[in-house]
**Student:** 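Here you go, one structure.
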2 protein chains.
Amino acid sequence: MAEAVTDVETRLRDCGLRPTRQRVALADLLFAKGDRHLTVEELHEEATTAGVPVSLATVYNTLHQFTEAGLIRVLAVESAKTYFDTNVSDHHHFFVEGRNEVLDIPVSNLQIDNLPEPPEGMEIAHVDVIIRLREKRR
Amino acid sequence: MAEAVTDVETRLRDCGLRPTRQRVALADLLFAKGDRHLTVEELHEEATTAGVPVSLATVYNTLHQFTEAGLIRVLAVESAKTYFDTNVSDHHHFFVEGRNEVLDIPVSNLQIDNLPEPPEGMEIAHVDVIIRLREKRR
DNA sequence: GTGCCTGCAAATGATTTGCATACGA
DNA sequence: TCGTATGCAAATCATTTGCAGGCAC
């Protein structure tokens with residue numbers, strides 16, 4: 001456990017982020033349980049429950065700093081709230097309409113062929129596939 | 001031209017939407033120029049410029065009604081504003097980071113293989129591929 | 001000690017809502 | 001006429017910002 005904390009601290013330091021109590025706590029929550037997608041609200045609640053009273057604004061700041069550092073990324077779903085994903089690699093998602101729920105696509109043997117050329121002067125940063133689901137009508 | 005208007009009216013009627021002046025005007029703007037993606041703000045401005053002073057709230061209402069009717073759809077980009085797409089078929093987009101700009105993927109020979117099975121009781125409503133672009137560093 | 005972090009509260013920006021009026025069928 | 005649409009302004013919700021006090025180095 002102590003080791004895990006050290007890991008996170010090092011990781012933050014490597015990104016040029018001071019390993020403050022709040023940042024370490026949030027990073028711990030984010031990375032302790034494998035891949036996750038959550039909103040600012042959700043993480044804030046988790047932190048509070050875990051006995052780390054962080055301000056909502058700090059969670060916003062921190063998640064954006066983590067995003068800039070490449071530790072997490074923003075999911076491209078059209079929801080009122082922003083979703084952050086702890087898995088930064090090219091992988092894909094189910095998005096349940098109406099319920100605004102994000103699910104990982106289990107076996108990612110999904111494959112994309114014939115990726116188009118990006119326009120002049122641009123390069124591909126990331127490819128996102130969102131498979132939108134709806135409740136099957138009986 | 002008169003014919004185009006009639007088309008739109010019929011189309012709206014078929015969706016159970018009264019072809020009011022505002023709805024027809026907005027639909028005309030949306031569908032006159034082929035596929036488009038725009039925000040509420042943009043369409044509102046276009047309408048005003050075109051001499052159809054619609055209220056912003058009405059544009060919001062109307063676009064959501066059109067979406068429910070399947071005439072347009074919401075794009076899955078993570079922007080502050082919602083983007084609506086007049087092309088309802090499965091097709092894909094470039095999204096320019098930083099500039100919050102949506103571009104159509106030109107030759108859509110992009111192909112997805114091994115689509116995963118949706119979870120029990122769910123079905124695939126739509127598949128979205130977003131290729132996120134960034135300015136190529138010189 | 002110095003400068004980056006944090007928290008709070010207020011500001012902002014997109015979107016929604018309530019209600020009175022206007023319009024299409 | 002009758003019920004639905006529209007417009008306006010106020011309300012709401014997520015997110016951002018300014019600034020005073022704290023903490024890491």
Side-chain angles (χ1 to χ4, degrees), chain A residues 5-6 8-27 29 37-45 47-48 50-69 71-72 74-84 100 102, chain B residues 5-6 8-29 37-45 47-48 50-69 71-72 74-84 98 100 102:
Chain A
V5 171
T6 308
V8 166
E9 288 191 6
T10 308
R11 213 164 158 191
L12 291 180
R13 237 184 273 277
D14 288 350
C15 301
L17 296 173
R18 276 194 195 167
T20 63
R21 194 181 318 122
Q22 292 88 331
R23 284 178 182 163
V24 172
L26 294 178
L29 288 170
H37 350 85
L38 15 92
T39 63
V40 169
E41 205 79 45
E42 286 165 358
L43 185 58
H44 179 247
E45 201 166 331
T48 307
V52 188
V54 201
S55 122
L56 195 59
T58 298
V59 179
Y60 272 102
N61 287 334
T62 304
L63 288 184
H64 285 138
Q65 289 155 357
F66 285 6
T67 301
E68 271 178 66
L71 296 174
I72 59 179
V74 176
L75 281 189
V77 293
E78 12 56 75
S79 152
K81 302 182 183 179
T82 301
Y83 281 80
F84 294 87
N100 265 23
V102 178
Chain B
V5 171
T6 306
V8 167
E9 287 191 5
T10 308
R11 212 164 158 190
L12 292 180
R13 237 184 273 276
D14 289 349
C15 300
L17 296 172
R18 277 195 194 166
T20 64
R21 194 182 317 124
Q22 292 88 332
R23 285 178 182 162
V24 171
L26 293 178
D28 273 342
L29 289 170
H37 349 85
L38 14 94
T39 64
V40 169
E41 206 78 46
E42 286 164 358
L43 185 57
H44 179 247
E45 200 166 332
T48 307
V52 188
V54 200
S55 123
L56 196 59
T58 298
V59 179
Y60 273 101
N61 287 335
T62 304
L63 287 184
H64 285 136
Q65 290 154 357
F66 285 6
T67 301
E68 271 179 64
L71 296 174
I72 59 179
V74 175
L75 280 190
V77 292
E78 10 58 74
S79 153
K81 302 182 182 179
T82 301
Y83 281 79
F84 294 87
N100 266 24
V102 178

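Letters go in sequence order (proteins before strands), and every chain restarts at 1.
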**Student:** Taking atom C1' of C:dC5 as reference, at what distance in whole Å does atom CG of A:Leu63 sit?
**Tutor:** 15 Å
**Student:** Polar-atom pairs under 3.5 Å, protein N or O versus N or O of nucleotides 20-25 of chain C: list them with distances, or write none.
**Tutor:**
| from | atom 1 | to | atom 2 | distance (Å) |
| --- | --- | --- | --- | --- |
| C:dA25 | OP1 | B:Arg13 | NH1 | 3.1 |

**Student:** Once you round it to whole Å, what is the distance between C1' of C:dC5 and CD of A:Glu9?
**Tutor:** 15 Å
**Student:** Applying side-chain contact (heavy atoms from CB on, under 4.5 Å), can you list everything that pairs with B:Arg21, at least two apart in sequence or on another chain?
**Tutor:** none
**Student:** Describe the nucleic acid contact of A:Thr39 in one word from base, sugar-phosphate, nothing, applying a heavy-atom distance below 4.0 Å.
**Tutor:** nothing
**Student:** Starting at OG1 of A:Thr39, measure out to CD of A:Glu41 and round the result to the nearest 0.5 Å.
**Tutor:** 6.0 Å
**Student:** Using a heavy-atom cut-off of under 4.0 Å over every strand shown, decide if A:Ala80 touches base, sugar-phosphate, or nothing.
**Tutor:** sugar-phosphate
**Student:** Please report the closest heavy-atom contact between A:His37 and A:Glu42, naming both atoms and the distance.
**Tutor:** O-OE1, 4.1 Å
**Student:** It should be established whether B:Thr58 places a side-chain nitrogen or oxygen under 4.0 Å from OP1 or OP2 of nucleotide D:dA5.
**Tutor:** no
**Student:** Between A:Gln65 (CD) and C:dC5 (P), how many Å, whole number?
**Tutor:** 7 Å
**Student:** Measure CG/A:Asn100 against P/D:dC13 and give the value in whole Å, please.
**Tutor:** 15 Å
**Student:** Counting just side-chain N and O atoms, does A:Arg23 come under 4.0 Å of either OP1 or OP2 of C:dT6?
**Tutor:** yes
**Student:** If only atom types and distance count, is the side chain of B:His44 paired as donor or acceptor with the main-chain N or O of B:Val54 below 3.5 Å?
**Tutor:** yes
**Student:** Looking at B:Pro19, is its backbone amide N or carbonyl O close enough to the side chain of B:Arg13 to form a donor-acceptor pair, meaning the two atoms are under 3.5 Å apart?
**Tutor:** no
**Student:** Tell me the interatomic distance from B:Glu41, atom CD, to C:dG13, atom P, rounded to whole angstroms.
**Tutor:** 11 Å
**Student:** Choosing from D:dT15, D:dT6, C:dA14, which nucleotide comes nearest the side chain of A:Lys81?
**Tutor:** D:dT15
**Student:** Between C1' on C:dT16 and OH on B:Tyr60, what's the gap in Å once rounded to a whole number?
**Tutor:** 9 Å
**Student:** Quick one: is D:dG7 close enough that its OP1 or OP2 comes under 4.0 Å of any side-chain N or O from B:Gln22?
**Tutor:** yes
**Student:** Whole angstrom is fine here: how far is it from NE2 in B:His44 over to C1' in C:dT16?
**Tutor:** 15 Å
**Student:** Specify the closest pair of heavy atoms between A:Leu17 and A:Gln65, including all atoms of both residues, with the distance to one decimal.
**Tutor:** CD2-CB, 4.2 Å
**Student:** Determine the minimum heavy-atom distance between B:Tyr83 and B:Asn100, stating which atoms define it.
**Tutor:** OH-O, 2.7 Å
**Student:** Closest-nucleotide mapping onto DNA chain C: is A:Ser55 or B:Ala57 further toward the 5' terminus? I mean the 5' end.
**Tutor:** A:Ser55
**Student:** If I take atom CG in residue B:Leu56 and atom P in nucleotide D:dC8, what distance separates them, rounded to the nearest angstrom?
**Tutor:** 11 Å
**Student:** Return no unless some side-chain N or O of B:His64 is found under 4.0 Å from OP1 or OP2 of C:dT15.
**Tutor:** no
